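It should be emphasised that the depicted structure is a prediction, and the values quoted were computed from it without experimental measurement.
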Amino acid sequence: MNHMGLEFDEKLIGEMAEQYSFKNLAKKAKSNHYRKGVAGDWVNHFTPEISEAFNRVYGDACDLLNYSKA
């Protein structure tokens, strides 16, 4: 595959995607610290303190990426 003048091996990309998929990483983890991958689930894990710190450090990153404000 050629994209923007760069060559990509589609088989290798597919193998890497499978190797680093949520399903495989969660299976191999000794302590499962992976979230379930549900869009917007981060809101359930942000305390007011975390939200304040996030906004202080990252400012308008959520707006720029079209996410709800933390």
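Side-chain heavy-atom separations under 4.5 angstrom define the hydrophobic clusters, and the remaining members of the one that includes Met16 are Leu12.
When all heavy atoms are compared, the tightest approach of Tyr20 to Leu25 is O-CD1, 3.4 Å.
Under the rule for a side-chain hydrogen bond (donor to acceptor under 3.5 Å, both in side chains), the partners of Glu49 that lie at least two apart in sequence or sit in another chain are Thr47. In this view, Gln19 satisfies the side-chain hydrogen bond (donor to acceptor under 3.5 Å, both in side chains) rule with no residue, not counting sequence neighbours. Partners of Lys11 by salt bridge (charged side-chain N to carboxylate O under 4.0 Å, His left out), not counting sequence neighbours, listed by chain and number: Glu15.
Counting only distance, with no hydrogens or angles, the side chain of Ser51 and the backbone of Pro48 share no donor-acceptor pair below 3.5 Å.
Residue Phe46 holds its CZ atom at 8.0 Å from CG of Asn55, rounded to the nearest 0.5 Å.
By the rule that hydrophobic residues join a cluster once side-chain heavy atoms approach within less than 4.5 Å of another member, Val43 and Phe54 end up as members of one cluster.
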